[in-house]
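Residue numbers start at 1 and run along the sequence shown.
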Amino acid sequence: MKGRWGQYVVGGLLVALLAGCSSRPTDKGQQYKDGKINDPLELVNRPNAKGKPVNGKDFSDQLTAIQRASPSLYNRNTDTFQAVTNWLRAGADTRQLSQFGLNAYQMEGMDNFGNVQFTGYYTPVIEARYTRQGEFQYPLYRMPSKGKNRRLPERSAIYSGALDNRNLEIGYSNSIMDNFMMEVQGSGYVDYGDGRPLTFFGYSGKNGHAYRSIGKVLIDRGEVAREEMSMQAIRKWADNHSAAEVRELLEQNPSFVFFKPEMYAPVKGASGVPLVAKASVASDRSLIPAGSTLLAEVPLLDNQGKFTGKYEMRLMVALDVGGAIKGQHFDIYQGIGPEAGHAAGFYNHYGRVWVLKTPQSGGPLFSAYNR
């Protein structure tokens, strides 16, 4: 399980505006083409969308990864996967979905007008050493035993040495902020600088304290404007403040994540399936269960994270979960490394989504959204 237990990009900040403003905002990619949608997932004859999916090969690669890593998950969704594959091979005309035995359920979005929230996550790569040396002073820890207390120290205590002398250190990085960012993403790759392949640090557990967003802390303190909040904004703030000030900010989040080193391991989601960038998402499984196929109209951003006014169609599969991913919200996996992190850090935008299913695979889940 990837286990991201929070997001720096403050999710849901625009929800109240979307729901209540008489002048509907569009700066985050919101559209109002379909009128009000009255169900969490509404069956439509065909998506009111133009264009074809741009990532057919990536989607096919993701299906192959599912089949190899989780045959049971693949078999539960095989009718839909095969129908979508046939539709792709025939040209992927959204007007012809029904001809391939596919129903399209449009999601109502955060505002009941079809605007589904997209955020992004990625797999960071950080520099570290096996022992504390030079600039490499910030420990990464494996999961401690909870013992009788069943609760571990909070972040500030860990930073002050509460876990020292317990043989829990699995590396030392040169950036406390890099460590923190990897915690938020829930996993990452570590380069020990010895010429060996990168080591995957998978999620191993957390200390049991509540998560508090440092992005929200900076907004509340007036340090970063709400509309400018992103991972990049947090990085920029840290670059312009002292080590002590950065540590004080991070300590406002008492939650702490532990890791497990794994050699030659791919990035996997909560379903145990290797993730293909921009063809997999984290979802709220009470609404969108694992293995669901999504046709998504994703807003395109420029290099500064601003909405360009354009969209692209993507096929994606729900294969992961996240503590901040609730309801009409998806976290799109962006890939590995700095470029993926750059893209993930900016995403807090809106697009339209249709869940694709064959009739024999059943209708969507509504259990948590009965009206």
| Can a donor-acceptor pair be found between the side chains of W237 and E223 at a distance below 3.5 Å? |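 The answer is yes; a qualifying pair exists.
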
| field | Exercise: do N303 and H342 side chains pair donor with acceptor under 3.5 Å | value |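 Yes, because at least one side-chain N or O of N303 sits under 3.5 Å from a partner of the opposite role on H342.
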
| request: Enumerate the residue pairs fulfilling ring pair (Phe, Tyr, Trp, His ring centres under 6.0 Å) with a member in residues 272-304, sequence neighbours excluded, ordered by first and then second residue. | output: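 For residues 272-304: none.
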
| said: Is the terminal nitrogen or CZ of R142 (NZ for Lys, CZ for Arg) located under 6.0 angstrom from the six-membered ring centre of F258 and within 45° of that ring's axis? | reply: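 No, R142 does not sit over the ring of F258.
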
| request: Return the set of residues passing side chain to side chain donor-acceptor pair (under 3.5 Å) with R166 (not counting sequence neighbours), or none when no residue passes. | output: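 In terms of side chain to side chain donor-acceptor pair (under 3.5 Å), with neighbours along the sequence ignored, R166 is linked to no residue.
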
Near-ring test [Y]/[X], centroid separation under 6.0 angstrom:
{"X": "Y347", "Y": "F118", "answer": "no"}
{"X": "Y138", "Y": "F136", "answer": "no"}
{"X": "Y130", "Y": "Y192", "answer": "yes"}

| query | H349 vs F307 aromatic rings, parallel, tilted or perpendicular, using cut-offs 30° and 60°? | reply |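 Tilted.
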
| message | Can you classify the ring geometry of Y74 versus F81 as parallel (below 30°), tilted (30 to 60°) or perpendicular (above 60°)? | response |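 Answer is tilted, since the angle falls between 30° and 60°.
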
| With distance as the sole test, does D284 use its side chain to make a donor-acceptor pair with the main-chain N or O of G327 at under 3.5 Å? |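 Yes, because the side chain of D284 sits within donor-acceptor range (under 3.5 Å) of the backbone of G327.
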
| query | Which is it for L250 and I214 under the side chain to side chain contact (heavy atoms under 4.5 Å, CB included) test, yes or no, and what are the steps along the way? | reply | CA-CA 7 Å; L250 300 185; I214 64 167; 3.7 Å; yes

